[in-house]
K.L.:
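Take this structure, written in structure tokens, and hold onto it; I'll ask about it next.
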Amino acid sequence: DTGVSQDPRHKITKRGQNVTFRCDPISEHNRLYWYRQTLGQGPEFLTYFQNEAQLEKSRLLSDRFSAERPKGSFSTLEIQRTEQGDSAMYLCASSLSSGSWGNEQFFGPGTRLTVL
Amino acid sequence: DAKTTQPNSMESNEEEPVHLPCNHSTISGTDYIHWYRQLPSQGPEYVIHGLTSNVNNRMASLAIAEDRKSSTLILHRATLRDAAVYYCILRDVGRDDKIIFGKGTRLHILP
């Protein structure tokens, strides 16, 4: 399968614990995005990378959240001191940026986080 | 970013055409109209996009009003696998970054 993959698919944690999610984009894609989706809502943008550079972060990304893409390939999203409000689906997407109009983004299946 | 308005939900019978409307009265001249859909327990997937002219692909057709203030996604023959949330999104032609999703339209297909 050459699509976007995310690991784990499900994570249950206790409030206050740290969690880390991984995203592997489509191999030739230089852009990688993180979104968060709560029940009944559309995905909300969190942050995105072009290669290893983090180009934009949403106000939703509090200082407990950190994302990295160290070699411009896979990315990790870490949440420190999780809160119940962090419970959501975390989606990763990738695209091949040509610098012009909005190219199609390919989404992974998501990681569902439940904070008890 | 310009906003879109979609019905919360729609129903259609299997094997019949489905017309999913989207209003975007504040669209700018450089906004493309994109549609994504999200099947249950999956991430969103691209469906189609257009600027001014109607567009067809293997998944759907996109009909764009002459004034570009509304558009309609057409599924020519709905199947049960088309049950999903459909998002109508505007993306500026000069931007190539995040997607701003609304709540979309939840499409129910009746067997």
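Here is how names work: the chains are called A, B, and so on, in the same order as the sequence lines, proteins then strands, and each is numbered from 1. The basis for the numbers below is simple: all heavy atoms, side chains too, and nothing from hydrogens, waters or symmetry mates. The structure displayed is predicted, hence computed values, not measured ones.
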K.L.:
Between A:R9 and chain B, which part of the residue has a heavy atom less than 4.5 Å away: side chain, backbone, both or neither?
P.N.:
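Just the side chain, heavy atoms under 4.5 Å.
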K.L.:
Side-chain heavy atoms under 4.5 Å apart, restricted to Ile/Leu/Val/Met/Phe/Trp/Tyr: what other residues fall into the cluster of A:L113, or is it alone?
P.N.:
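Its cluster mates, by chain and number, are A:V19, A:F21, A:L32, A:W34, A:L46, A:F49, A:L60, A:L61, A:F65, A:L77, A:I79, A:Y90, A:V115.
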K.L.:
Is the ring centre of A:F107 less than 6.0 Å from the ring centre of A:Y35?
P.N.:
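Judged by ring-centre distance (under 6.0 Å), A:F107 and A:Y35 do meet the cut-off.
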K.L.:
Is the ring pair B:H49/B:Y46 parallel, tilted or perpendicular, if the boundaries are 30 and 60 degrees?
P.N.:
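Correct class here is tilted.
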K.L.:
Taking A:P109, A:P43, A:G110 one by one, which has the highest count of heavy-atom pairs under 4.5 Å against chain B?
P.N.:
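Winner by heavy-atom pair count: A:P43.
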K.L.:
List the steps, then state whether side chain to side chain donor-acceptor pair (under 3.5 Å) holds for B:N56 with B:S61.
P.N.:
CA-CA 4 Å; B:N56 300 297; B:S61 296; 2.5 Å; yes
K.L.:
For chain A, which residues of residues 102-111 of chain B have at least one non-hydrogen atom nearer than 4.5 Å to it?
P.N.:
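Within residues 102-111 of chain B, near chain A: B:G102, B:K103.
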K.L.:
Walk me through whether B:Q38 and A:Q37 qualify under side chain to side chain donor-acceptor pair (under 3.5 Å).
P.N.:
CA-CA 12 Å; B:Q38 188 170 19; A:Q37 185 173 28; 2.8 Å; yes
K.L.:
What part of A:Q50 is in contact with chain B, defined as an atom under 4.5 angstrom from a non-hydrogen atom: side chain, backbone, both or neither?
P.N.:
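A:Q50 has no heavy atom closer than 4.5 Å to chain B.
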K.L.:
Under 6.0 Å between the ring centres of B:F101 and B:Y87?
P.N.:
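Aromatic pair counts; centres sit under 6.0 Å.
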K.L.:
Going by atom types alone, do B:T79 and B:E14 pair a side-chain donor with an acceptor below 3.5 Å?
P.N.:
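B:T79 vs B:E14: no donor-acceptor pair found between side chains.
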